[in-house]
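Structure record follows, encoded as structure tokens.
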Amino acid sequence: KHVTIPDNVTTIKENAFGGYGSLLQITIPSSVNEIGPNAFYGCQSLKQVTILSKPTKIESQMFFKCESLTEIEIPSSVAFIDSYAFCGCKSLNTIIIPSSVTEIGRNAFYGCSSLTNLSLHDNLTRIGQKCFYGCRNLNKVLIPSFLAEIEASSFCLCSSLEEIIIQSSIGVKIGDEAFKGCKALKKIEIPDNVEEIGQCSFKDCVNLEEIRMNPYKTKIQNDSFNDCCSLKHFIFDENINILKKYNHKQIGSINKITLPSKTTIIESSSFQNFSTLKEINIPSTVTEIGSNSFNGCSSLIEIIISSSVRS
């Protein structure tokens, strides 16, 4: 059934079409200035929604479990997508989020398992907890410039996620379990402005092989990379000149280290007792290696030191 709301209607009240199982299409006219929470809750046959009005908010649970909805274009007037707005819309494969949206509430797209295309604009400042939890066909995420926190479990169990680009220009925290169970992820670059990686943030990313970051600027929890059984290669951020001791055990059983090409000094005890380390490159820019730098590296087979090293 296709419903066209009359042009003189200004409000669609809370739960107005809730559970209306035969609703297939609906057109919301420009006269509507308010759409209440749960307005289309559980409309399991709803496939197409056309919003001609200019709401400022997609209310909580507005399209909760609209399981046949495949795509929707959110009006450019919307600034806030509230919690559970599209939760359980398992057929939703495309969502166009306009640049007007500054905040997305928790669980907003939880379980949208068909979602493949997602564009997050730079005006977005908050993504709530479990926002894209279980979006198992999502393959790429670009974190916007002014997002201060990737909240807990935001992209947990996005099992097809292959690429994460963090381009934020402000201090960022990666919340607990933010990318837990992202099994397709093979490498990740953590920029300097990421201040903290939470508990189990990348737990069970079983195919994660490589990580690039600055361990002196980003705080890591002991379990941030738990059960990342393929993680073997650690690349230091290219802007580091002086290497010093850090807690390498927090990152896992790394066996290969790539140092920055600008490295000049490896301070005393930098890699001491790094028992899983097998391979490390010492760039020709290094002029000094401190005492005990590789003491206790029981798996290290070979190390080539350039003639540039003076002490």
- request: Looking only at non-hydrogen atoms, find the nearest pair between I97 and L118 and report the distance.
  value: CD1-CD1, 4.0 Å
query: Rounded to the nearest 0.5 Å, how far does SG of C87 lie from OH of Y41?
result: 8.5 Å
task: Check whether more than 12 heavy atoms from other residues, nucleotides or ligands sit under 6.0 Å from atom NZ of K47, and answer yes or no.
output: no
- prompt: Are S83 and N107 close enough, and set up right, to give a side chain to side chain contact (heavy atoms under 4.5 Å, CB included), and what steps lead you there?
  reply: CA-CA 6 Å; S83 58; N107 298 76; 5.5 Å; no
- request: Give a yes or no on whether Y216 and L259 share a hydrophobic cluster (residues Ile, Leu, Val, Met, Phe, Trp, Tyr; joining criterion: side-chain heavy atoms under 4.5 Å apart).
  value: yes
task: Using distance alone, with no hydrogens and no angle criterion, decide if Q221 and D176 have a side-chain donor and acceptor under 3.5 Å apart.
output: no
query: Is the F236 ring parallel, tilted or perpendicular to the Y246 ring (thresholds 30°, 60°)?
result: perpendicular
Heavy-atom check, side chain of E151 versus side chain of R126, under 4.5 Å: yes
query: In terms of hydrophobic clustering (I, L, V, M, F, W, Y; side-chain heavy atoms under 4.5 Å; direct or indirect links), are L23 and I72 co-clustered?
result: yes
query: Are there more than 12 heavy atoms of other residues, nucleotides or ligands under 6.0 Å from atom CD of E73?
result: no
task: Can you tell me which residue pairs pass the ring-ring contact (aromatic ring centres under 6.0 Å, His included) test with a partner in residues 283-311, sequence neighbours excluded?
output: F271-F294
- prompt: So which of F86, F64, F17 actually passes ring pair (Phe, Tyr, Trp, His ring centres under 6.0 Å) with F40?
  reply: F17
- prompt: Are D223 and Q199 close enough that a side-chain donor and a side-chain acceptor fall under 3.5 Å?
  reply: no
- prompt: Can you tell if the side chain of T276 reaches within under 4.5 Å of the side chain of F274, non-hydrogen atoms only?
  reply: yes
- request: Please identify each residue that fulfils side-chain hydrogen bond (donor to acceptor under 3.5 Å, both in side chains) with E288, with sequence neighbours left out.
  value: none
message: Take a 6.0 Å sphere around NZ of K203 and say whether it holds more than 12 heavy atoms from other residues, nucleotides or ligands.
response: yes
task: Determine the sole option in D82, N38, N15 for which the side-chain hydrogen bond (donor to acceptor under 3.5 Å, both in side chains) test with Q61 is passed.
output: N38
message: Within the supplied structure, the quantity of interest is the number of heavy atoms (other residues, nucleotides, ligands) at a distance under 6.0 Å from K232 NZ; does it exceed 12?
response: yes
query: In chain order, what residues pass the ring pair (Phe, Tyr, Trp, His ring centres under 6.0 Å) check against Y133, with sequence neighbours excluded?
result: Y110
message: Name the residue from I190, I251, I174, N247 that meets the side chain to side chain contact (heavy atoms under 4.5 Å, CB included) definition with I220.
response: I251
query: If you look at every heavy atom in V172 and I170, which pair is closest and at what distance?
result: CG2-O, 3.2 Å
